[in-house]
*Asks:* 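Here it is, the structure in full.
Each chain gets a letter, A, B and so on, in the order its sequence line appears, and its residues count up from 1. What you see is a predicted model, and the numbers here were worked out from it, not measured in a lab.
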Amino acid sequence: MNYWLMKSEPHEFSIDDLMRKKRHHWDGVRNYEARNIMRDRMKVGDLVIFYHSDGDPSGPAGVAKVSREAYPDFTQWKRSSKYFDPRGTKRDPLWFMVDVAFVKKFKNVIERDLLREVPALRNMPLWKRPRLSITPLAKKEFETIVKLGTK
DNA sequence: GCCAACGTTGGC
DNA sequence: GCCAACGTTGGC
(Lines give C-alpha, C1' and ligand atoms only; values in the text may rest on other atoms or scores of the structure.)
Protein backbone atom coordinates (compact mmCIF):
# COMPACT_ATOMS: atom_id res chain seq x y z
CA MET A 1 0.00 0.00 0.00
CA ASN A 2 1.39 3.35 -1.11
CA TYR A 3 0.48 6.93 -0.26
CA TRP A 4 0.52 9.88 -2.65
CA LEU A 5 -0.20 13.55 -2.86
CA MET A 6 -1.89 14.63 -6.10
CA LYS A 7 -2.40 18.24 -7.08
CA SER A 8 -5.31 19.61 -9.02
CA GLU A 9 -6.45 23.13 -9.65
CA PRO A 10 -9.90 23.27 -8.09
CA HIS A 11 -11.39 25.30 -10.93
CA GLU A 12 -10.40 22.43 -13.24
CA PHE A 13 -11.26 19.55 -10.95
CA SER A 14 -11.91 19.83 -7.21
CA ILE A 15 -12.62 17.52 -4.31
CA ASP A 16 -16.29 18.53 -4.68
CA ASP A 17 -16.25 17.38 -8.29
CA LEU A 18 -14.83 14.04 -7.20
CA MET A 19 -17.38 13.77 -4.39
CA ARG A 20 -20.19 14.29 -6.88
CA LYS A 21 -18.81 11.91 -9.51
CA LYS A 22 -17.59 9.33 -6.96
CA ARG A 23 -14.83 8.29 -9.32
CA HIS A 24 -12.88 10.00 -12.08
CA HIS A 25 -9.89 9.63 -14.37
CA TRP A 26 -6.83 11.76 -13.58
CA ASP A 27 -6.12 13.15 -17.02
CA GLY A 28 -3.81 15.90 -18.16
CA VAL A 29 -0.56 14.94 -16.45
CA ARG A 30 2.18 16.09 -18.86
CA ASN A 31 5.27 15.67 -16.78
CA TYR A 32 7.43 12.57 -17.19
CA GLU A 33 8.17 12.03 -13.55
CA ALA A 34 4.52 12.27 -12.52
CA ARG A 35 3.59 10.01 -15.44
CA ASN A 36 6.12 7.42 -14.37
CA ILE A 37 4.74 7.42 -10.84
CA MET A 38 1.24 6.74 -12.15
CA ARG A 39 2.33 4.20 -14.73
CA ASP A 40 4.84 2.25 -12.66
CA ARG A 41 4.04 2.69 -9.00
CA MET A 42 0.38 3.42 -8.36
CA LYS A 43 -1.73 0.43 -7.39
CA VAL A 44 -5.44 -0.04 -6.80
CA GLY A 45 -6.16 0.80 -3.17
CA ASP A 46 -3.31 3.29 -2.76
CA LEU A 47 -4.46 6.29 -0.76
CA VAL A 48 -4.16 9.83 -2.06
CA ILE A 49 -4.20 13.26 -0.50
CA PHE A 50 -6.20 15.42 -2.90
CA TYR A 51 -4.42 18.76 -2.93
CA HIS A 52 -5.92 21.96 -4.28
CA SER A 53 -3.21 23.94 -6.03
CA ASP A 54 -3.68 27.52 -7.08
CA GLY A 55 -6.72 27.45 -4.83
CA ASP A 56 -8.12 29.81 -2.25
CA PRO A 57 -6.45 28.70 -0.12
CA SER A 58 -4.02 26.11 -1.53
CA GLY A 59 -3.57 22.87 0.38
CA PRO A 60 -4.92 19.38 1.09
CA ALA A 61 -8.68 19.23 0.55
CA GLY A 62 -9.52 15.57 1.05
CA VAL A 63 -8.70 11.94 0.47
CA ALA A 64 -9.10 9.71 -2.58
CA LYS A 65 -7.95 6.25 -3.50
CA VAL A 66 -6.65 4.70 -6.66
CA SER A 67 -9.46 2.69 -8.26
CA ARG A 68 -7.86 1.75 -11.60
CA GLU A 69 -4.23 1.32 -12.52
CA ALA A 70 -2.54 3.22 -15.32
CA TYR A 71 -4.00 3.26 -18.84
CA PRO A 72 -3.47 5.68 -21.72
CA ASP A 73 -4.68 9.24 -21.16
CA PHE A 74 -7.12 9.63 -24.05
CA THR A 75 -6.84 13.42 -24.04
CA GLN A 76 -3.47 13.09 -25.82
CA TRP A 77 -5.42 11.93 -28.90
CA LYS A 78 -8.12 14.61 -28.80
CA ARG A 79 -7.23 17.38 -31.16
CA SER A 80 -9.64 19.71 -29.40
CA SER A 81 -8.13 19.10 -25.98
CA LYS A 82 -5.60 21.41 -24.44
CA TYR A 83 -3.77 18.23 -23.49
CA PHE A 84 -3.53 17.05 -27.11
CA ASP A 85 -0.06 15.73 -27.90
CA PRO A 86 0.61 14.36 -31.39
CA ARG A 87 3.65 12.48 -30.13
CA GLY A 88 1.36 10.04 -28.35
CA THR A 89 -0.15 7.45 -30.69
CA LYS A 90 -2.71 4.72 -30.07
CA ARG A 91 -0.03 2.11 -30.59
CA ASP A 92 2.55 3.89 -28.50
CA PRO A 93 0.87 6.21 -25.99
CA LEU A 94 3.05 8.81 -24.33
CA TRP A 95 0.81 9.83 -21.43
CA PHE A 96 -1.04 7.76 -18.86
CA MET A 97 -3.64 8.25 -16.18
CA VAL A 98 -5.19 6.38 -13.29
CA ASP A 99 -8.73 6.52 -11.92
CA VAL A 100 -9.33 7.74 -8.40
CA ALA A 101 -12.38 7.29 -6.16
CA PHE A 102 -13.70 9.69 -3.57
CA VAL A 103 -12.98 8.82 0.07
CA LYS A 104 -13.53 11.97 2.08
CA LYS A 105 -13.55 15.72 1.98
CA PHE A 106 -11.84 17.66 4.75
CA LYS A 107 -13.98 20.18 6.65
CA ASN A 108 -11.55 22.86 5.53
CA VAL A 109 -8.65 22.96 3.15
CA ILE A 110 -5.52 22.65 5.29
CA GLU A 111 -3.54 25.78 4.69
CA ARG A 112 -0.08 25.47 3.33
CA ASP A 113 1.39 27.76 5.98
CA LEU A 114 0.07 25.42 8.65
CA LEU A 115 1.42 22.33 6.87
CA ARG A 116 4.81 23.98 6.73
CA GLU A 117 4.97 24.13 10.49
CA VAL A 118 4.11 20.51 11.24
CA PRO A 119 7.30 18.69 12.28
CA ALA A 120 6.09 15.32 11.00
CA LEU A 121 5.74 16.83 7.52
CA ARG A 122 9.10 18.51 7.34
CA ASN A 123 10.55 15.98 4.90
CA MET A 124 7.63 15.74 2.49
CA PRO A 125 8.84 15.63 -1.14
CA LEU A 126 6.25 18.30 -1.86
CA TRP A 127 8.49 20.95 -0.34
CA LYS A 128 11.50 19.98 -2.42
CA ARG A 129 9.56 19.47 -5.64
CA PRO A 130 7.09 22.32 -5.81
CA ARG A 131 6.42 21.81 -9.51
CA LEU A 132 5.75 18.09 -9.40
CA SER A 133 2.02 17.34 -9.38
CA ILE A 134 2.30 13.86 -7.90
CA THR A 135 4.63 13.16 -4.98
CA PRO A 136 4.96 10.16 -2.66
CA LEU A 137 4.06 10.37 1.00
CA ALA A 138 5.19 8.24 3.92
CA LYS A 139 2.38 6.50 5.80
CA LYS A 140 2.98 8.73 8.78
CA GLU A 141 2.83 11.85 6.64
CA PHE A 142 -0.44 10.71 5.09
CA GLU A 143 -1.92 9.99 8.51
CA THR A 144 -0.73 13.31 9.90
CA ILE A 145 -2.45 15.19 7.08
CA VAL A 146 -5.68 13.21 7.48
CA LYS A 147 -5.66 13.93 11.20
CA LEU A 148 -5.24 17.66 10.54
CA GLY A 149 -8.07 17.53 8.03
CA THR A 150 -10.57 15.72 10.20
CA LYS A 151 -10.06 17.29 13.58
C1' DG B 1 25.51 15.89 -24.03
C1' DC B 2 25.44 20.80 -22.78
C1' DC B 3 22.96 24.60 -21.72
C1' DA B 4 20.33 28.87 -23.14
C1' DA B 5 15.83 29.94 -24.19
C1' DC B 6 11.35 28.97 -23.49
C1' DG B 7 7.05 27.59 -21.27
C1' DT B 8 4.54 26.23 -17.20
C1' DT B 9 3.39 25.84 -12.37
C1' DG B 10 1.64 27.62 -8.49
C1' DG B 11 2.08 30.72 -4.37
C1' DC B 12 1.22 35.21 -3.48
C1' DG C 1 -1.82 39.15 -12.77
C1' DC C 2 3.05 38.78 -11.43
C1' DC C 3 7.02 36.37 -11.40
C1' DA C 4 10.46 32.96 -9.29
C1' DA C 5 11.49 28.34 -9.72
C1' DC C 6 12.26 24.77 -12.50
C1' DG C 7 11.14 21.16 -16.15
C1' DT C 8 11.54 20.71 -21.20
C1' DT C 9 13.13 21.68 -25.82
C1' DG C 10 16.21 22.15 -29.37
C1' DG C 11 20.44 24.14 -31.54
C1' DC C 12 25.03 23.24 -31.54
Side-chain angles (χ1 to χ4, degrees), chain A residues 2-21 24-42 46-66 69-100 102-138 141-151:
Chain A
N2 306 301
Y3 301 89
W4 310 100
L5 183 146
M6 298 177 84
K7 293 192 279 195
S8 178
E9 299 190 14
H11 66 270
E12 298 274 339
F13 189 70
S14 70
I15 190 72
D16 292 304
D17 294 326
L18 185 61
M19 185 165 60
R20 193 169 55 246
K21 289 174 186 293
H24 200 61
H25 51 268
W26 201 271
D27 63 299
V29 171
R30 294 295 180 270
N31 167 284
Y32 291 109
E33 211 173 330
R35 176 203 68 180
N36 292 348
I37 288 174
M38 287 197 294
R39 190 191 57 194
D40 304 335
R41 298 170 65 192
M42 281 191 167
D46 283 2
L47 288 166
V48 174
I49 295 293
F50 193 120
Y51 181 103
H52 281 178
S53 64
D54 225 355
D56 187 22
S58 296
V63 179
K65 71 179 171 200
V66 176
E69 275 160 37
Y71 60 106
D73 179 341
F74 60 84
T75 60
Q76 71 194 295
W77 300 319
K78 273 182 74 178
R79 215 161 259 286
S80 61
S81 169
K82 70 171 176 174
Y83 298 121
F84 174 66
D85 188 341
R87 296 173 303 171
T89 62
K90 295 259 178 182
R91 180 169 303 195
D92 191 14
L94 184 57
W95 303 112
F96 291 82
M97 60 188 178
V98 297
D99 287 352
V100 299
F102 177 78
V103 175
K104 75 167 85 167
K105 179 188 172 180
F106 295 154
K107 281 201 202 86
N108 299 108
V109 172
I110 306 169
E111 300 205 25
R112 202 183 149 80
D113 285 353
L114 176 66
L115 274 198
R116 272 274 184 202
E117 290 165 11
V118 179
L121 302 178
R122 197 171 295 148
N123 296 320
M124 280 202 299
L126 175 69
W127 307 130
K128 285 204 186 103
R129 305 298 306 284
R131 303 271 308 273
L132 191 58
S133 67
I134 303 177
T135 48
L137 289 175
E141 292 164 346
F142 174 84
E143 287 167 353
T144 300
I145 294 171
V146 171
K147 202 173 288 177
L148 287 170
T150 45
K151 77 173 177 197

*Asks:* Which distance, rounded to the nearest 0.5 Å, do you find between the OG1 of Thr135(A) and the CD of Glu141(A)?
*Replies:* 9.0 Å

*Asks:* I need the residues from residues 103-114 of chain A with at least one non-hydrogen atom less than 4.0 Å from DNA chain B; give them sorted by number, or say none.
*Replies:*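 Going residue by residue through residues 103-114 of chain A, the ones with a heavy atom under 4.0 Å of DNA chain B turn out to be Arg112(A).
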
*Asks:* Please check if the number of heavy atoms outside Asp40(A) that lie under 6.0 Å from its CG is greater than 12.
*Replies:* yes

*Asks:* Should Lys7(A) be listed as having a side-chain N or O under 4.0 Å from OP1 or OP2 of dT9(B)?
*Replies:*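 False: Lys7(A) side-chain N/O out of range (4.0 Å or more) of dT9(B) OP1/OP2.
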
*Asks:* If you assign each of Lys128(A) and Arg87(A) to its closest nucleotide in DNA chain C, which residue comes earlier from the 5' end?
*Replies:* Lys128(A)

*Asks:* Could you state the atom-to-atom distance from OH of Tyr83(A) to P of dT9(B) in whole Å?
*Replies:* 8 Å

*Asks:* For residues 118-126 of chain A, tabulate all N or O donor-acceptor pairs below 3.5 Å that involve a side-chain atom, not counting sequence neighbours.
*Replies:*
none

*Asks:* To the nearest 0.5 Å, tell me how far Leu148(A) CG sits from Ile110(A) CD1.
*Replies:*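 Spacing of CG (Leu148(A)) from CD1 (Ile110(A)) equals 5.0 Å.
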
*Asks:* Below 4.0 angstrom, which residues in residues 51-60 of chain A have at least one non-hydrogen atom near DNA chain B?
*Replies:*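 Contacts with DNA chain B under 4.0 Å: Tyr51(A), Ser53(A), Asp54(A), Ser58(A).
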
*Asks:* Output one letter per nucleotide in nucleotides 3-8 of chain B: B when a protein non-hydrogen atom lies under 4.0 Å from the base, S when only the sugar-phosphate is that close, - when neither is.
*Replies:* ----BB

*Asks:* Look at Arg129(A) and dG10(B) and indicate whether a side-chain polar atom (N or O) is within less than 4.0 Å of OP1 or OP2.
*Replies:* no

*Asks:* Taking all atoms of both residues into account, what is the closest heavy-atom pair of Pro60(A) and Ile49(A), and its distance?
*Replies:*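 Answer, listing the atom of Pro60(A) first, then Ile49(A): CB-CG2, 3.6 Å.
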
*Asks:* How far apart are the C-alpha atoms of Tyr32(A) and Trp95(A), what are their side-chain angles, what is the distance that settles it, and do they pass the side chain to side chain contact (heavy atoms under 4.5 Å, CB included) test?
*Replies:* CA-CA 8 Å; Tyr32(A) 291 109; Trp95(A) 303 112; 3.6 Å; yes

*Asks:* Hey, what do you get for CH2 (Trp26(A)) to CZ (Phe13(A)), rounding to the nearest 0.5 Å?
*Replies:* 7.0 Å

*Asks:* Sort and list the pairs that fulfil side chain to side chain donor-acceptor pair (under 3.5 Å) and have at least one residue in residues 2-12 of chain A, not counting sequence neighbours.
*Replies:* Asn2(A)-Asp46(A), Trp4(A)-Asp46(A), Glu9(A)-His11(A), Glu12(A)-Lys82(A)

*Asks:* Asp73(A) and Arg35(A): salt bridge (Lys or Arg N to Asp or Glu O under 4.0 Å), yes or no, with the steps?
*Replies:* CA-CA 10 Å; Asp73(A) 179 341; Arg35(A) 176 203 68 180; over 6 Å; no

*Asks:* Kindly compute the distance separating CD1 (Ile145(A)) from CZ (Phe106(A)), expressed to the nearest 0.5 Å.
*Replies:* 7.5 Å

*Asks:* Among residues two or more places apart or on two chains, list those pairs meeting salt bridge (Lys or Arg N to Asp or Glu O under 4.0 Å) that have a residue in residues 102-113 of chain A.
*Replies:*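 Qualifying pairs, neighbours excluded: Asp16(A)-Lys105(A).
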
*Asks:* So what does Arg35(A) touch, heavy atoms closer than 4.0 Å: a base, only the sugar-phosphate, or nothing?
*Replies:* nothing

